[in-house]
Structure formats: structure tokens, C-alpha cells
K.L.:
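Take this structure first; my questions come after.
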Protein chains: 2
Amino acid sequence: MAQNNNNNNVLELNLGLGQSPRQRSPAPFLLKTYDLLEEGEAEDNTNCKIVSWNSQGTGFVVWSPAEFSQLTLPRYFKHNNFSSFIRQLNTYGFKKISSKRWEFEHEKFQRGCRHKLGEITRKKCEPSVFPAYLKSSSEENATSSTEENNHQLLMEENKNLKKERLELQMQIDECKALEMKLLACLSQFMDTHNNKVRRLC
Amino acid sequence: MAQNNNNNNVLELNLGLGQSPRQRSPAPFLLKTYDLLEEGEAEDNTNCKIVSWNSQGTGFVVWSPAEFSQLTLPRYFKHNNFSSFIRQLNTYGFKKISSKRWEFEHEKFQRGCRHKLGEITRKKCEPSVFPAYLKSSSEENATSSTEENNHQLLMEENKNLKKERLELQMQIDECKALEMKLLACLSQFMDTHNNKVRRLC
DNA sequence: GGGAATATTCCC
DNA sequence: GGGAATATTCCC
């Protein structure tokens with residue numbers, strides 16, 4: 001798995017396909033959290049850090065949640081609640097990797113890789129296109145499910161389905177474009193390779 | 001407690017929504033906006049108000065949006081943007097009732113009626129409440145001749161959309177698989193190529 | 001004005 | 001941790 005990733009990275013560099021994993025502008029939350037770590041790093045770190053990258057730079061540690069909440073958070077966010085910060089981490093797929101301290105990791109959130117933040121996406125709730133209120137109480141629906149209600153609900157579901165279709169189609173377009181680039185690259189590479197071998201023989 | 005909830009639901013269903021004012025705890029936004037007006041009223045200076053109830057107490061006026069944004073808003077909310085405040089007013093159904101000044105009204109938001117704030121709801125309906133368009137359609141029971149036909153068409157479209165979605169998803173899976181193969185092929189080819197060149201040299 | 005994305009809060 | 005309501009932002 002790790003090997004796969006490595007290969008991909010090498011190829012991406014060679015191909016100039018840096019944007020292949022959907023690069024969007026990173027969420028404000030991710031930028032702020034990254035910057036907050038860089039700033040912490042730059043500080044005259046004597047012996048009592050509040051928050052910092054872990055030793056490998058593959059994640060970060062909140063050493064002092066209390067100070068972090070009171071001093072750090074309000075300088076970057078509109079609150080000073082540690083739990084709200086954690087909630088956001090979970091939303092973006094970070095994992096708590098230690099039971100003994102507040103250490104978090106995300107594959108795409110690493111020291112020196114601010115440019116990868118755009119690849120991190122919010123966790124989405126289930127792609128169900130069915131309106132939420134239908135899932136709630138079946139009793140109410142039973143007593144009031146008239147033809148008109150069904151009609152409206154159907155229309156809403158259809159609208160959602162169409163939106164979803166558009167998104168899927170865009171995903172396919174992206175895939176196809178990447179495919180073309182890969183094929184072009186492969187054929188160019190074969191040419192180069194053949195020429196080289198010919199020259200050497 | 002559970003019994004109370006049940007009763008409320010039954011009553012709402014029987015009476016048709018909107019008849020019996022259901023008292024919930026008011027949204028924080030409403031309480032803060034109300035309190036901010038009361039506080040403004042209590043303040044000493046009478047000649048240069050920032051914000052206040054209108055003369056009848058049926059609404060309120062932001063006399064100085066700039067000062068309001070910079071001084072008042074951050075004391076009650078997590079921002080100092082006038083437009084965010086307006087966005088909230090709209091969300092809760094307030095109406096701008098003057099083109100010449102920032103004056104807003106809401107039927108249930110009146111001076112001396114802090115207890116009525118619980119009757120104000122956000123425009124977006126909650127799961128337990130039926131959407132606005134369903135309420136209106138039950139009152140206007142005039143059209144249902146062509147509805148049936150329409151309904152069938154909608155169901156058909158819905159079925160087709162779901163089928164299409166499945167197909168698109170399969171296409172995406174195929175694309176992804178091909179992508180992996182191409183990448184694997186490319187990387188293997190690079191290895192082979194390098195070995196060949198090395199041998200030949 | 002309002003739809004929709006993101007942020008913050010609340011609650012299980 | 002995460003679902004869901006509310007708040008804030010961004011954009012049309």
C-alpha cells in the first residue's frame with residue numbers, strides 16, 4: 001500500500017500530473033491548523049510547547065489542551081473550545097493515534113506539505129438523495145402520506161438525483177482526462193526508451 | 001415528557017400546521033437580537049442611537065450599521081459582519097420594511113414579547129415538520145386532474161435516474177481500475193527500461 | 001434574498 | 001466519533 005503510494009508520487013512528478021488527486025483550494029480549517037503548527041514551531045520553543053508537529057512530522061500533538069484552547073484557538077478560530085476543534089478534525093478525517101496524549105494524524109496532513117491540504121475533503125454524510133425528513137418518523141408519514149406529498153417528495157428526490165448525476169459525470173470526465181495523459185505519457189516513454197536502446201545497440 | 005411530545009405531534013397533525021403556536025426554546029440568534037435591543041434601549045444617550053425598537057415596538061431599526069457592526073455585533077455574535085446579521089434575519093423570516101433605512105419586522109418579534117420568540121422558526125424546515133410547500137398545497141385543493149399522469153412520469157424518471165446513477169458509478173469504478181493498471185504498467189515499464197539500459201551500458 | 005459550503009455547537 | 005441543528009461565510 002505504501003509502495004503504491006510511492007509509485008504514484010514518482011509518476012505524478014514525472015508526468016507533471018500534480019493535480020491528479022483533485023486539488024481544490026484547501027478548507028480554511030486545514031490552512032489555519034497547518035499555519036498554527038508552523039507558527040508554534042517558529043516560536044522560541046524553550047521547554048513547554050503548547051502544540052507542535054510530532055517528531056516525524058506525520059502528525060501533530062496538542063501538548064497542553066488548556067493553553068491551546070485559551071491562547072491558540074481564538075487567534076485562528078471563532079471560538080476557544082477544544083471539543084469544537086476536535087469535531088473539525090474528525091470531520092476532515094483525522095485520527096487520534098495515541099490514547100495517552102492528544103496526537104492526531106491525517107495521511108495528507110504532514111509537515112512541509114502545505115500543498116497537499118487541497119486533497120483533504122470533508123467527510124460527507126451518506127450520498128442518499130432521499131430527503132432527510134423521510135427517514136425520521138414513519139408514523140407521521142403514514143397518517144399524512146397523500147398523493148400530493150409523495151409527488152413533492154418524488155420531485156425533490158429527482159432533483160437530487162439529477163444533481164448527483166452531474167457530479168458523477170464530472171468525476172468521469174476527470175478520470176478520462178487523466179487516462180489520456182497517462183496513455184500519452186506511456187507512449188512517449190516507449191518511444192524514448194526504444195531510441196535509447198537502439199542507440200546503445 | 002414523551003407524552004407531551006406525542007400530544008404535540010398529534011395536535012399539529014389534526015389542526016394543520018401553524019395554527020397552534022408550538023413553544024420551543026427560542027433560537028440563540030433571536031434571544032441575542034432581542035436582548036441587544038433591550039440593552040440599547042437602556043443606554044443613556046438618547047440622541048445618537050445605534051439600534052433601537054421602532055416607535056411602535058413592532059420592529060427595530062439599525063440607525064448606524066457601521067457602529068452596529070463594529071461595536072454591537074461582536075458583543076453578541078462571533079463576527080462583526082452586517083451582512084451575516086442580515087442573512088440570519090432573512091433565515092428567520094424578518095422583512096425589511098423600509099427602503100430608506102435598515103428597519104426590520106417579524107410578526108412574532110415585538111417589544112415586550114420576549115416570550116413569543118419561541119414561535120419563530122428558521123425558514124428551512126426541520127425533519128419533524130412538513131415543508132412549507134406541503135402546507136400550502138393542502139389548502140389549495142383544486143388541481144389534481146393532470147396530477148396523476150404527472151406522478152407516473154415522475155416515478156418513471158426517478159427509476160431511470162437511479163439506474164443511470166448505478167451505471168455511472170460502474171463507469172467510475174472501471175476508470176479507476178484502468179488508472180491503476182496504467183500506473184502499474186508505467187512503473188513496471190520504467191523499471192524494465194532502467195535495467196535494460198544498465199545492462200547495455 | 002437565498003442556496004449552499006463550511007464552522008461551531010449541542011447532544012447521543 | 002459522529003449526526004444534526006444553528007451560525008457564519010461565500011456567492012449568485
Side-chain angles (χ1 to χ4, degrees), chain A residues 22 24-34 36 69 72-99 102-106 117-118 120-137 156 159-160 162-164 166-167, chain B residues 1-2 5 22 24-34 36 69 72-99 102-106 117-118 120-129 131-133:
Chain A
R22 241 162 291 148
R24 314 179 306 161
S25 67
F29 170 76
L30 299 169
L31 290 172
K32 288 177 181 176
T33 302
Y34 188 95
L36 147 185
S69 304
T72 311
L73 283 181
R75 300 219 326 279
Y76 289 87
F77 305 100
K78 289 175 179 292
H79 66 86
N80 57 0
N81 303 313
F82 194 56
S83 55
S84 289
F85 179 70
I86 302 299
R87 185 73 196 84
Q88 283 283 70
L89 289 179
N90 288 324
T91 296
Y92 283 97
F94 284 73
K95 293 296 175 200
K96 188 170 186 293
I97 59 164
S98 167
S99 60
W102 296 98
E103 183 170 8
F104 297 91
E105 270 190 6
H106 187 294
L117 300 183
I120 302 178
T121 56
R122 288 166 72 89
K123 279 190 197 166
K124 278 186 183 167
C125 30
E126 45 179 305
S128 163
V129 290
F130 224 49
Y133 47 83
L134 271 191
K135 290 184 239 155
S136 55
S137 63
E156 184 158 346
K159 200 183 77 180
N160 290 336
K162 283 176 184 169
K163 190 180 157 202
E164 208 181 331
L166 196 62
E167 289 166 354
Chain B
M1 193 52 166
N5 273 337
R22 178 168 141 203
R24 313 182 303 166
S25 68
F29 170 76
L30 299 168
L31 290 172
K32 290 176 181 178
T33 302
Y34 188 94
L36 145 186
S69 305
T72 312
L73 283 182
R75 299 220 325 281
Y76 290 87
F77 305 100
K78 289 175 180 292
H79 65 87
N80 58 1
N81 303 312
F82 194 56
S83 54
S84 290
F85 180 70
I86 302 300
R87 184 75 195 83
Q88 284 283 71
L89 289 178
N90 287 323
T91 297
Y92 284 96
F94 284 74
K95 293 295 174 198
K96 188 169 186 292
I97 59 164
S98 166
S99 60
W102 296 98
E103 183 168 9
F104 298 90
E105 269 189 8
H106 187 295
L117 300 183
I120 302 179
T121 56
R122 289 166 73 88
K123 274 185 181 174
K124 269 193 178 175
C125 294
E126 296 176 27
S128 57
V129 175
Y133 50 76

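Convention: sequence-line order gives letters A, B, ...; per-chain numbering from 1. As a basis for the values below, the full set of heavy atoms in this structure was taken, side chains included, without hydrogen atoms, waters or symmetry mates.
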K.L.:
Using every non-hydrogen atom in the two residues, find where A:G118 and A:P26 come nearest and quote the distance to one decimal.
P.N.:
N-CG, 3.7 Å
K.L.:
Determine the minimum heavy-atom distance between B:K123 and B:G93, stating which atoms define it.
P.N.:
CE-CA, 3.8 Å
K.L.:
When you get a sec, tell me which of C:dA7, C:dT8, D:dT6 is the closest nucleotide to the side chain of A:P28?
P.N.:
C:dA7
K.L.:
In whole angstroms, how far is the P atom of D:dT9 from the CZ atom of B:F82?
P.N.:
14 Å
K.L.:
Distances under 3.5 Å between protein N/O atoms and the N/O atoms of nucleotides 10-12 of chain C, please, pair by pair.
P.N.:
none

K.L.:
In whole Å, I'd like the distance from the NZ atom of A:K123 to the C1' atom of D:dG1.
P.N.:
7 Å
K.L.:
In this structure, how many angstroms lie between the C1' atom of D:dA7 and the CZ atom of A:F77, rounded?
P.N.:
16 Å
K.L.:
Minimum heavy-atom separation for A:L30 to A:I120, with atom names?
P.N.:
CD1-CB, 3.6 Å
K.L.:
Tell me: OH of A:Y76 to P of C:dT6, nearest whole Å?
P.N.:
22 Å
K.L.:
Shortest non-hydrogen contact from A:L36 to A:F77?
P.N.:
CD1-CE1, 4.2 Å
K.L.:
What is the distance from CG of B:N80 to C1' of D:dA7, rounded to the nearest Å?
P.N.:
15 Å
K.L.:
For D:dA7 and A:K78 - does any side-chain N or O of the residue sit under 4.0 Å from the phosphate oxygens OP1/OP2?
P.N.:
no
K.L.:
B:F94 CZ to D:dA7 P: how many Å, rounded?
P.N.:
12 Å
K.L.:
Mind calculating the distance between CD1 (B:I86) and C1' (C:dG1) to the nearest angstrom?
P.N.:
11 Å
K.L.:
Can you confirm if the aromatic rings of B:Y76 and B:F29 lie within a centre distance of less than 6.0 Å?
P.N.:
no
K.L.:
Which pair of non-hydrogen atoms, one from B:P74 and one from B:S69, has the smallest distance, and what is that distance?
P.N.:
CD-O, 3.1 Å
K.L.:
From CD1 of B:I120 over to P of D:dT6, roughly how many Å is that when rounded to an integer?
P.N.:
13 Å
K.L.:
Any side-chain N or O of A:Y92 less than 4.0 Å from the OP1 or OP2 oxygen of C:dA7?
P.N.:
yes
K.L.:
Whether A:N81 contacts C:dT8 is assessed here as follows: a side-chain N or O lying under 4.0 Å from the phosphate OP1 or OP2. Is that the case?
P.N.:
no
K.L.:
Any side-chain to backbone donor/acceptor pair from A:H79 onto A:S84? Under 3.5 Å, distance only.
P.N.:
no
